[in-house]
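Here is the structure we will look at, set down as structure tokens.
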Amino acid sequence: DSGVTQTPKHLITATGQRVTLRCSPRSGDLSVYWYQQSLDQGLQFLIQYYNGEERAKGNILERFSAQQFPDLHSELNLSSLELGDSALYFCASRVELAGGGNEQFFGPGTRLTVL
Amino acid sequence: GIQVEQSPPDLILQEGANSTLRCNFSDSVNNLQWFHQNPWGQLINLFYIPSGTKQNGRLSATTVATERYSLLYISSSQTTDSGVYFCMLLKAAGNKLTFGGGTRVLVKP
């Protein structure tokens, strides 16, 4: 168990709909990262938040948005869903290591199916 | 952006065999991690290894940052080692995270 929690585990919805995925980082970790894993694109970094602020953006579509709340949990909002958005969505939190490095730990993922 | 290539893409092993997985990258990196994605989809940390060598049980990893590659060694493989192995890198400049395409491993009993 990585200590990172994600809900829901599975989500089935229809094209055009909007969904919200939720992530809670490990206790004490300030960063949350979101990733998408699809069959054709592999694992892709979407966005990072640190202590409530956006820190880095990857290949995140404009239809997707995220935020991190004062209690450090994060939500990823996906709107106007398309069939191609079907994927596993992971979040990760980061621990700072002595010596300046950092290590990420992944949650169990949310499997989104768009019909 | 940084290019990350993992090889081989697929590997079939007999239980008890040893193997080496490789991750080549095109630019200097701050962080490098190896993960195992099990058949249930969970991503499990194996190593944080931007340089040097680490060992954990039957697994070990070596990163030669100056030559831009990392190796993951699996010894005495077991069926529970099946899954996909990914390397993940954070580029030194630009804070950009990139995953390799993965090596899919199947260990047969």
Side-chain angles (χ1 to χ4, degrees), chain A residues 1-6 8-11 23 25-26 29 31-50 53-60 86-113, chain B residues 1-10 21 23 25 27-54 56 59 61 63 65 70 72 83-104:
Chain A
D1 185 353
S2 67
V4 179
T5 60
Q6 288 187 248
K9 285 189 178 173
H10 302 276
L11 201 45
C23 168
R26 297 173 352 139
D29 291 351
S31 278
V32 169
Y33 296 75
W34 286 98
Y35 297 89
Q36 179 194 57
Q37 185 178 30
S38 59
L39 281 174
D40 56 345
Q41 297 286 334
L43 267 161
Q44 291 197 95
F45 165 62
L46 296 179
I47 197 164
Q48 178 206 354
Y49 278 81
Y50 179 86
E53 293 192 5
E54 182 185 304
R55 273 289 176 94
K57 254 185 176 176
N59 300 323
I60 188 165
S86 296
L88 256 177
Y89 291 85
F90 289 101
C91 79
S93 72
R94 184 183 82 187
V95 61
E96 309 293 333
L97 302 173
N102 59 78
E103 186 172 357
Q104 293 195 25
F105 293 86
F106 281 74
T110 293
R111 186 173 295 278
L112 173 66
T113 303
Chain B
I2 190 169
Q3 305 300 313
V4 185
E5 280 189 30
Q6 288 189 243
S7 59
D10 295 279
L21 283 57
C23 172
F25 45 96
D27 207 340
S28 55
V29 295
N30 282 348
N31 289 352
L32 191 149
Q33 287 185 246
W34 282 96
F35 294 91
H36 173 218
Q37 188 168 33
N38 64 23
W40 295 270
Q42 278 184 295
L43 279 165
I44 299 160
N45 285 40
L46 297 178
F47 295 102
Y48 165 78
I49 189 162
S51 63
T53 297
K54 288 187 179 179
N56 185 4
L59 301 181
T63 296
S70 184
L72 178 70
V84 185
Y85 291 80
F86 291 101
C87 60
M88 182 185 82
L89 289 80
L90 177 65
K91 188 179 169 181
N95 200 27
K96 186 157 175 64
L97 281 154
T98 308
F99 278 87
T103 292
R104 186 174 299 276

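Every chain is numbered from 1, with letters handed out A, B, ... down the list of sequences.
For Asn102(A), the side-chain contact (heavy atoms from CB on, under 4.5 Å) test picks out Arg94(A), Glu96(A), Asn31(B), with sequence neighbours left out.
Atom CH2 in Trp34(A) sits 15.5 Å away from atom NZ in Lys57(A) (nearest 0.5 Å). The line from CD of Gln6(A) to OH of Tyr89(A) is 12.0 Å long, rounded to the nearest 0.5 Å.
Heavy atoms from other residues, nucleotides or ligands lying under 6.0 Å from CD of Glu54(A) number more than 12.
For Ser51(B) (side chain) and Thr63(B) (main-chain N/O), no donor-acceptor pair under 3.5 Å exists by modelled atom type. Checked by atom type and distance alone, the side chain of Asn45(B) pairs as donor or acceptor with a backbone atom of Gln104(A) at under 3.5 Å. Judged purely by atom type and a 3.5 angstrom limit, Gln6(B) uses its side chain to pair as donor or acceptor with the backbone of Cys87(B).
Applying a 4.5 Å heavy-atom cutoff, the residues of residues 105-113 of chain A that approach chain B are Phe105(A), Phe106(A).
The parts of Leu43(A) that come within reach of chain B are both its backbone and its side chain, each placing non-hydrogen atoms under 4.5 angstrom from that chain. Of the atoms belonging to Gln37(A), it is side-chain heavy atoms, and not backbone ones, that fall under 4.5 Å from chain B.
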